[in-house]
Amino acid sequence: MSDYQYIKEQDPDVYAALVGEEERERIGIELIPSENYASRAVREANGSIFTNKYSEGYPGRRYYGGQEFTDAVETIAIDRAKQLFKAQYANVQPLGGAAANVAMYFALMEPGDTVLGMDLSHGGHLTHGHPTTCINKVFNFVRYKMKDVDTGEIDYDELRAVALEHKPKIILAGFSAYTRELDYAKFVEIAKEVGAYTVADIAHITGLIAGGVLQNPFDHGFDVMTMTTHKSLRGPRGGMIVVREEVDIAKRINKAVFPGMQGGPQMHTVAAKAVAFGEALHPSFKDYAAQVVKNAKAMEEVFKAAEVRLLCGGTDNHMLLADVYGSLGVTGQEAETVLDEVGITLNKNMIADEPRTAMDPSGIRFGTPALTTRGMREAEATQLAELMLATLKAKEDNAAKVQLRQQVKDLCERFPVPERFV
Ligand code: DSN
């Protein structure tokens, strides 16, 4: 537990919200696959004195004085990021994954140029050019999809055909709701044919790549990776861009982040990134990453045994997508709400070729990064999946839900959120 000594004395309203969130996280289980628990050390750095400092520019090239310590901490973050992702260059200043993607687009393209990315309804992300986003007014986005939504196989023939037709400047691999490994070599092969850059948005799977359980797109020749730092990597909320080897790309990325898009970097977050990257370089992080995937497989088995349809037929990573409406007659929104009632937090999600609406879709998306941080293994992941299914079946049964809430709480209390990972 944190003490929040000064906030408690000075601002009881904010104190109440902080304590409430601590308790919510303590007695409930977090299955949103993009969330995790940051260590106490990461949170100390994130709440540190660096929030006081302006430091526009990069280490050794700043616009204001007094930078000896900001330079030191940003250099540590950059060096560790390069080591984690086998990159020659890293920009640790993006405020989040969306900011990282927008900066990357402006670094590699001119307005009107084309990006070929995964369709949102098949697992892509808003920042991959959804019509509602600002970047969709600046760049042209074309799509590829899965060939078979029940195996997750990407339609690489379609991807190549769209690339040949539209001549994109960027071919983007990556997703926020997709559960299979990608054929990165194939992306590179097609990109070479049309003269496109290859970019992987690895926001969800950062920790799995850093921990060596999923492939690193750089090993297949990708040019750039964008990411968030707060998901499976267990860092502070933020973004990052890494470049495999080309100095010219790295220079353009740096200019696009600052002064192109952002002002002063948030050095407290950069310091927290440095701490988190140090934790991810620790040998124990490999075990964590491997366990995340094993736990997801354990949950997959329970859903499969219950004959609940899983998109992509299962998972290779940390997340699962279940068609709960098609299999159990419970909508994604109903599932999210009833699971919240028993202390299991996840999100409703559209399934591929969704027949319902975005606000009340057919699916749910859930994953294992946070529960694995609590030290849970296959037995607990299995138990949680069983509790989920029991809750979905007990939708209207208040007495059953009270019991299920207690079981979730008991499990959480057996596996408290750790303060330190190394
Ligand atoms: N909001 C993130 C997620 O949940 O996947 C992506 O931006």
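Along the sequence shown, the residues carry numbers beginning at 1. All ligand and atom numbering here is 1-based and tracks the order in the structure.
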Original post:
Between Lys348 and Glu336, does a salt bridge (charged side-chain N to carboxylate O under 4.0 Å, His left out) hold up when you go through it step by step?
Top reply: CA-CA 6 Å; Lys348 58 182 171 287; Glu336 182 186 298; 3.6 Å; yes
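- In this structure, atom 5 (O) of ligand 1 has a protein heavy-atom contact shorter than 4.0 Å.
- A pairwise comparison of heavy atoms in Pro236 and Lys273 identifies CG-N, 3.5 Å as the closest pair.
- Side-chain polar atoms of Asn295 and Gln291 form a donor-acceptor pair below 3.5 angstrom.
- Rounding to the nearest 0.5 Å gives a distance of 10.5 Å between CD1 of Ile171 and CG of Asp223.
- If you number the atoms of ligand 1 from 1 as listed, the ones under 4.0 Å from a heavy atom of His125 come out as 6 (C), 7 (O).
- For the ligand labelled ligand 1, residue Glu35 lies outside the 4.0 Å heavy-atom shell.
- Partners of Thr382 according to the side chain to side chain donor-acceptor pair (under 3.5 Å) rule, which considers only residues two or more places apart in sequence or in another chain, do not exist here.
- Residue Ser176 has at least one heavy-atom neighbour below 4.0 Å for each of these atoms of ligand 1: 5 (O).
- Numbered from 1 in the order shown, with element, the atoms of ligand 1 that lie under 4.0 Å from a heavy atom of His204 read 3 (C), 5 (O).
- Per-residue contacts place Ser34 under 4.0 angstrom from the following atoms of ligand 1 (heavy atoms of the residue considered): 3 (C), 4 (O), 5 (O).
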Original post:
For Tyr105 and Phe141, what are the C-alpha separation, side-chain angles and deciding distance, and is it a ring pair (Phe, Tyr, Trp, His ring centres under 6.0 Å)?
Top reply: CA-CA 11 Å; Tyr105 292 142; Phe141 290 86; 5.5 Å; yes
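- Taking distance alone, with nitrogen or oxygen atoms compared against 3.5 Å, Lys231 stays at or beyond that limit from ligand 1.
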